Amino acid sequence: MQLFVAKLNYSTSSDTLKEVFEQFGEVASANVIIDRETGRSKGFAFVEMKDDDAANAAISALDNTDLDGRTIVVKKAEPRESRGGGGGRRF
DNA sequence: GCTGAGCGC
């Protein structure tokens, strides 16, 4: 299950999120969105967890909680292909 | 070196 984490600290890294989410279950991968233009964090990230139960538990536990000094928001991530853009080509 | 809603190249 992919989790969407928003309102993170600009200094928060993928490893930090991984360690936090690993406390609730197995984290397949943690990916903090880094801006290609500035090279800095955009303020949100995506965390993929192997167990769905752990993912829901992490949402209920980490949502609206303090992380690195900032109150983060954890929700279920939407499919990247649905958003459209340059990479996702449905044809 | 900064800001602060929302969805990844």
Side-chain angles (χ1 to χ4, degrees):
Chain A
M1 166 125 25
Q2 288 183 320
L3 272 50
F4 173 72
V5 189
K7 295 180 64 176
L8 316 156
N9 193 318
Y10 293 124
S11 302
T12 306
S13 56
S14 305
D15 185 72
T16 304
L17 286 172
K18 186 177 182 181
E19 289 183 36
V20 175
F21 278 82
E22 275 181 341
Q23 295 173 102
F24 299 92
E26 300 176 69
V27 178
S29 61
N31 175 255
V32 176
I33 308 306
I34 307 297
D35 193 286
R36 188 175 63 88
E37 302 178 76
T38 61
R40 301 294 172 86
S41 175
K42 285 186 178 181
F44 61 95
F46 290 91
V47 179
E48 184 180 4
M49 303 197 69
K50 297 180 181 179
D51 295 313
D52 295 343
D53 279 334
N56 289 285
I59 294 175
S60 300
L62 298 176
D63 183 46
N64 285 94
T65 50
D66 182 82
L67 177 58
D68 199 53
R70 308 292 182 265
T71 304
I72 65 174
V73 179
V74 183
K75 301 187 297 187
K76 292 181 296 183
E78 301 174 358
R80 184 165 57 95
E81 285 79 24
S82 299
R83 274 289 164 180
R89 195 70 60 90
R90 284 192 291 272
F91 293 98

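Letters go in sequence order (proteins before strands), and every chain restarts at 1. All heavy atoms count here, side chains included; hydrogens, waters and symmetry mates do not. Everything quoted here is computed from the prediction, not taken from an experiment.
At least one donor-acceptor pair closer than 3.5 Å links the side chain of Gln23(A) to the backbone N or O of Val20(A).
One finds the CZ atom of Arg40(A) at 8.5 Å from the OG atom of Ser11(A) (value rounded to the nearest 0.5 Å).
Picking from dG8(B), dG4(B), dC7(B) the nucleotide with the shortest atom distance to the side chain of Lys75(A) gives dC7(B).
Between the C1' atom of dG8(B) and the CG atom of Leu17(A) lies a distance of 13 Å, rounded to the nearest Å. Rounded to whole Å, atom C1' of dC7(B) lies 15 Å from atom CD1 of Ile72(A). Atom P of nucleotide dA5(B) and atom CZ of Arg70(A) are separated by 13 Å, given to the nearest angstrom.
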Can you check side chain to side chain contact (heavy atoms under 4.5 Å, CB included) on Val74(A) and Phe21(A), steps first, answer last?
CA-CA 11 Å; Val74(A) 183; Phe21(A) 278 82; 4.0 Å; yes
May I have the step-by-step check of side chain to side chain contact (heavy atoms under 4.5 Å, CB included) for Leu8(A) and Leu17(A), ending in yes or no?
CA-CA 10 Å; Leu8(A) 316 156; Leu17(A) 286 172; 3.8 Å; yes
Please table the atom pairs, donor to acceptor, closer than 3.5 Å between any side-chain atom in residues 28-36 of chain A and protein atoms at least two apart or in another chain.
{"unit_1": "Ser29(A)", "atom_1": "OG", "unit_2": "Glu48(A)", "atom_2": "OE1", "d": "3.2"}
{"unit_1": "Asp35(A)", "atom_1": "OD1", "unit_2": "Glu37(A)", "atom_2": "N", "d": "2.7"}
{"unit_1": "Asp35(A)", "atom_1": "OD1", "unit_2": "Thr38(A)", "atom_2": "N", "d": "3.0"}

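Residues from residues 25-48 of chain A placing a heavy atom under 4.0 Å of any atom in DNA chain B, listed by number, are Asn31(A), Ile33(A), Lys42(A), Gly43(A), Phe46(A). Within residues 6-16 of chain A, the residues that place at least one heavy atom under 4.0 Å from DNA chain B are, in residue-number order, Ala6(A), Lys7(A), Leu8(A), Asn9(A), Tyr10(A).
Judged as a side-chain contact (heavy atoms from CB on, under 4.5 Å), and not counting sequence neighbours, the contacts of Glu22(A) are Lys18(A), Val27(A). Evaluation of the side-chain contact (heavy atoms from CB on, under 4.5 Å) rule for Lys7(A) yields Val73(A) as partners, not counting sequence neighbours.
The stretch residues 49-67 of chain A participates, sequence neighbours left out, in no side chain to side chain donor-acceptor pair (under 3.5 Å) pair at all.
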